[in-house]
Each structure stands twice: as structure tokens, then as C-alpha cells.
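Values below: every heavy atom of this structure, side chains too, minus hydrogens, waters and symmetry copies. Chain letters run A, B, ... following the sequence lines, proteins first and then strands; every chain starts at 1. Not measured: the values here are computed from a predicted model.
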Amino acid sequence: MHDDLGKSEAALVAARRENLAALRSRSGDPFAQTRYPVDTHTHELLAEYEILAPEEKAESKRWHLAGRLMSKRKMGKTIFADLHDRTGKMQLYVRKDEIGEDRFADFNDMDRGDIVGVHGFVFRSKLGELTLHVLDFVVLGKALAPLPDKWHGLQDVEKRYRQRYVDLIVNDDVRDTMILRSRIISGMRRFIDAQGFYEVETPTLLHVAGGAAARPFLTHVNALDEQLQLRIATELNLKRLIVGGMERVYEIGRIFRNEGIDTTHNPEFTMLELYCAYWDVHDMLAFNEALMEHLALEIAGGSTDLTVGDRTISFARPFARIGYLDGIAQYSDGKYTRQRLLDPDGAAAILRELGLPDSPTHGHALDKIFEHVLEPHLIQPTFVMDYPVLISPLAKKKNGDPELVDRYELFANCMELSNAFTELNDPDDQRARFEAQIAERAKGDAEIPEPDWDFVHALEYGMPPTAGIGIGIDRLVMLLTNQSSIRDVLLFPLQRSHG
RNA sequence: GCGCCUUUAGCUCAGUCGGUAGAGCAGCGGACUUUUAAUCCGUUGGUCCCGGGUUCAAGUCCCGGAGGGCGCACCA
């Protein structure tokens, strides 16, 4: 990035270097500064002095504020400027007759983007804006690269993702969304921790990536000279911990799936998985419902209604419930019956009626039918209950209805938000399910993982009845922050290595 | 993988029928002691994404390629 500047950009950088040299010769090196005694932030100051009347001064109290200089308006022997910090922005005011010729020149030699610490008092300007009257300042870092347009910011989507640091500097809403993401995750942790769960970390590098259907990334460990896979779920290891007696565990961690990249998929994404011994799927549903309402209340500031696109989605409990098979039947006017859906030929026929391509497996066909028939109707938060066992290889069968499992998925805005079930703890049944998967994999479904036989062995030591849940954090954040692309809730979405 | 759109100054964007590159902001110089997209005067700045082709002449038309966005397909 240092040798290939265009002439025009090089000239802008050169001008900034001249200003840096002038600062160095007059007042010392900005890059030699190591700290600044910041004692407030812009947002706090604006709140504290809200009552000031126009042109009123609060001279007795002096403050130290630091941040990035984002605009400068010189008016002869005074300068107005805007300082941004992580809480917002505040106007600065400097007078030549107060700080002297050299320091005024220093202030004037600062460029848009420079980092500065300012000391002074608050007043309200003639036109009504709360402003820090600067009595002293220290340049704490020089920006050599020119910033994007002060009014339009950085619009180029590619540059915004590749140079997120610039995007964050000039586009306030990006920072706001990322802060919201942070708050959603910490709010989630607090809610979960309050119920006695242990947060754990399980390996990312695995010999066999299991617990979901997805193609894994491959890597290699030199010390062992072995090929390893990056995890596609945390499920199997977390259940090993339940076997081990930890009873309540969760992990918020990065998952890797070597598949498509689009507005709802990034190759690495963040998932919460949580397991609770002695709960069943109904306990988990209640927990899930309470968690979602809690997060919505925190984000929407006391309301359970969220605006998503041009819709309002209400997270007030209780959420709607619908059966997986019942729902498909209902939204097909009774045409797609349980009997047809649970029969491989019947499901294949429905696929053709819908004009969809053939699926390699029965389970795949069911997913496609669900996606086309039921999912488009799931706008308000809805628990879809009682999934067929053939698409749920790790869930416990329903007592009295062995074709179904005790499982639900929560949908909102036609998007899956969570997936939960009563965990299968019968090792013989689990072994049989894995063996059935080997057959499906042989039919050409490359996303079905190799069985993790040690997991079956773990179950042989005895696992208490347990409920588990997985929540895709990125998609949840998309919903809660009203973003339509996953890239806009990721600080550094994956881009091709060219730019 | 397929389709549509897009790429012009540091940034945001114009660029007509093919006639030889424009604006605003930023920068630089100047005026200005309560401005706020400050204002006013002057001014620098271009690999028109890359490579071919057609043409007297290509930012513009044609072909190929690259990056990016969106949609479809794929993706529990």
C-alpha cells in the first residue's frame, strides 16, 4: 500500500507529512506521545451540560477529552472543529489570542483524521451547540492517509469490507451495529450465566468434524503429520462434557463450513450451543422464548417490537407453535399429508409437483419442501415442532411416535433462529442412526459427515436426559439490528484475496 | 455454477449520437474572532479496472478477463 499511490493521493499524503514535520519542529513528535489522561467522553459531556443556555460558559470545570479530529472550520483567528470518540462527537473551539501563535498554527496543521487530546471547558455556542473551549491540546497521532468524503463517507461496498477500519471511522452506523452485536452477545452470556451454565471451549481442530451436515475445511498439523478438519459444530464435544457430568455447558464459538458465500452465509460464523442435563425440549423452548424476549427488550429499549425491513416483529411471549408435518399440510391445503411426506417416493412426488429438482435423499427432499411450503409463512416468531427422525440424527424419538423426534426450530422473518431437541442418549440407537447416515452419504450427499464413533462410545458410559440448542449468532444479530446482509454484522467478512 | 448490475481524481458522482476528461468535497494559497456540509477568491490533482478488437478517432461500440454487489442454484 506504500508504493502504488496515484499522483493525486501521493500529493495529499505529502501535504500531511509536511504538517507532521511542522508539528514536530514546533511542539514535538505526535508519535512520541504515550498516554493522555482522558477523564470523560463526548456523550457524557453533552449529557452533563444539556442545561447550558446559548453562549453560557461552564468555566470552572476543566475536562480532558480525546479522539479523532473529523472536521475543521477555520475562521480567521478562531477554529471550530469536530472531535469523534467511541461515544459520539463534540465540537471544539480554539482562539489564537488564548493559546498563542505557535499552538494556533499547530492546531491549524492538524488534518482531518488526526488523533488529539484536548483540555478545556464546556460552553454553548451562539447557534446552540455544546462545545469544548480548548485551552490546551496534544496531538496524539497523525493521520497520513486522506479520509473519504466528509459528507458522503465511504460508500464503496468493497472498500468498506476490505478496509473496515476506514468504514468504522467515517460511517457511524457501522460502529453502532457492531456495538449492538457486542451487547447482544454479552447480554446473552449474562442471561445464560445467571442460570448456572459453565462457558467452555472445545477444539476447533478435529480429526472428524461432526454434529451437523456440512463440508468441512481441511488443514494439516505438521507436528503430527496428520490432516485435520475445522469444526462444523460444537455439539458432539459439548455432549461429551454432559456425559462427563458438567450438567450445564455452553460455548459461543466460531464454526467453519466450506460452502457458499452470500447474504446469509459466511464461511466462518458464530454459533451458540448450549446443553442442559435433565431438561427436555419443552424446558429448552421456554428458556429460548425467555432469552429472545429478553434480548429484544434490551435492544429495542423496553419494547418487544422490532422493525425488520418493512415489517414489525414482536418478540412478546408466547410465540406461535406449529407442527412440522401439520404446518406443511396446512399450507398445502391438506395436499402434502404426513403419509406422503414420510414416504421417500411420496416426498419425491411432492418435489416434482412443486417444480423442484430431484433430491439425492429423502431428508434432503423434506428440507426443500419445508423451505418452499412452510418457511415463507413464518414471519412472526414461530416454533416449528416435532421434526421427522430421518432429518434429526442426534435427537431422541418421541415417546409413542417413533417417526418423529422431540425437536423444534424457531423461525422469525422467514429465517431459522434456533434449533433445539431432546438429545439422543441411547448409544445403540445413535449407532444405528450413524449407520443409516453412511448409507445416505453413499447416495451422494457429500455434506453428511463421517460418523464419530467415539461419540457413541461416550454415550455408552451413560448420558443423563439432556436438551440442547444451537443459535446462529450472526443471523440473530441481523434480525435484531435490521441488517439484510451477514457482511454487515461481521467486522471482517471474507473477501477474495485480490484487492 | 448461471443471470443482471457495477468499476471514471484521495472520496461521492456526472460524462449526450464515438470527437480527445468534468463537478462537489478533500488538498494547496489567500480573506475572515461563534462556525457547523462554514462562506468567499484563486489553484493542484486522471493507468477512465485489465487485455485485445473495430475505427481517422474509444471512458463511450465489440470480444475476453478481474474485483465487487444483488438474484437464482447450492447451503438443516
Side-chain angles (χ1 to χ4, degrees), chain A residues 4-16 18-19 54-55 57 70-82 89-98 104 111-113 123-131 133 144-163 166 170 211-215 232-233 257-267 269 324 356-357 359 361 363-364 366-368 370-371 375 384 387-388 390-395 407 409 411 416 418-419 421 445-448 470 472 484-485 487 493 495-499:
Chain A
D4 53 358
L5 297 184
K7 257 205 290 195
S8 170
E9 186 175 7
L12 294 174
V13 172
R16 284 162 176 262
E18 280 175 33
N19 289 337
E55 297 189 78
K57 298 175 183 176
M70 289 302 286
S71 82
K72 212 173 65 185
R73 296 174 289 282
K74 191 183 174 195
M75 268 208 59
K77 298 182 177 65
T78 66
I79 296 173
F80 285 91
D82 292 330
K89 63 174 177 176
M90 186 166 186
Q91 182 167 256
L92 308 178
Y93 177 61
V94 182
R95 296 175 63 102
K96 190 181 201 171
D97 57 5
E98 286 177 350
F104 192 78
D111 291 298
R112 178 173 143 79
F123 75 105
R124 193 181 287 280
S125 74
K126 195 180 276 181
L127 294 178
E129 180 161 352
L130 281 177
T131 304
H133 190 123
L144 296 174
L147 255 46
D149 193 282
K150 69 178 172 190
W151 185 244
H152 299 96
L154 184 63
Q155 300 294 327
D156 185 309
V157 178
E158 181 178 354
K159 268 188 190 141
R160 288 188 42 230
Y161 296 149
R162 289 190 192 275
Q163 293 181 265
V166 180
V170 297
R215 262 169 267 209
I232 56 174
R257 296 188 182 174
N258 204 345
E259 288 161 359
I261 301 177
D262 59 36
T263 48
T264 54
H265 297 81
N266 194 64
F269 60 100
Y324 182 95
L356 297 170
S359 289
T361 63
H364 188 267
L366 283 182
D367 281 335
K368 293 285 124 190
F370 174 85
E371 201 176 291
E375 197 178 76
V384 178
Y387 276 62
L390 68 121
I391 53 172
S392 313
L394 300 162
R407 171 183 175 190
E409 287 192 355
F411 284 81
E416 180 198 328
S418 55
N419 175 22
F421 40 87
D445 195 336
E447 270 134 23
I448 294 177
S484 56
S485 172
R487 297 181 194 100
Q495 295 285 108
R496 205 177 284 271
S497 71
H498 189 261

Any [X] side-chain nitrogen or oxygen under 4.0 Å from OP1 or OP2 of [N]:
X	N	value
Arg112(A)	A37(B)	no
Thr263(A)	G71(B)	yes
Arg16(A)	G27(B)	no
Arg487(A)	G69(B)	yes
Ser125(A)	U35(B)	no
Asn19(A)	C28(B)	yes
Arg496(A)	A66(B)	no

- Message: I need the CE-C1' distance between Met75(A) and C32(B), as an integer number of Å.
- Response: 6 Å

- Task: Mind calculating the distance between CD (Glu158(A)) and C1' (C11(B)) to the nearest angstrom?
- Result: 15 Å

Name the nucleic acid region contacted by [X], choosing base, sugar-phosphate or nothing; use a 4.0 angstrom heavy-atom cut-off, strictly under.
X	result
Phe370(A)	nothing
Tyr161(A)	sugar-phosphate
Pro393(A)	base
Glu259(A)	sugar-phosphate

For [N], which nucleotide is its Watson-Crick or G-U wobble mate, given both distances must be under 3.5 Å?
N	value
U55(B)	none
U20(B)	none
A31(B)	U39(B)

Which listed nucleotide ([options]) is nearest to the side chain of [X]?
X	options	result
Asp149(A)	U36(B), U35(B), G24(B)	G24(B)
Asp111(A)	U36(B), U33(B), C28(B)	C28(B)
Glu416(A)	A76(B), G24(B), G67(B)	A76(B)
Lys159(A)	A76(B), U12(B), C11(B)	C11(B)
Gln155(A)	U12(B), U36(B), G10(B)	U12(B)
Thr131(A)	U35(B), U33(B), C74(B)	U35(B)

[atom1] atoms of [N] and [M], separation to the nearest Å:
N	M	atom1	answer
C11(B)	C5(B)	P	25 Å
C49(B)	U6(B)	C1'	11 Å
G59(B)	C48(B)	C1'	5 Å

- Are there more than 12 heavy atoms of other residues, nucleotides or ligands under 6.0 Å from atom NZ of Lys89(A)? no

- Message: Quick check: closest heavy atoms across Arg95(A) and Thr78(A), and the distance to 0.1 Å?
- Response: CG-CG2, 4.2 Å

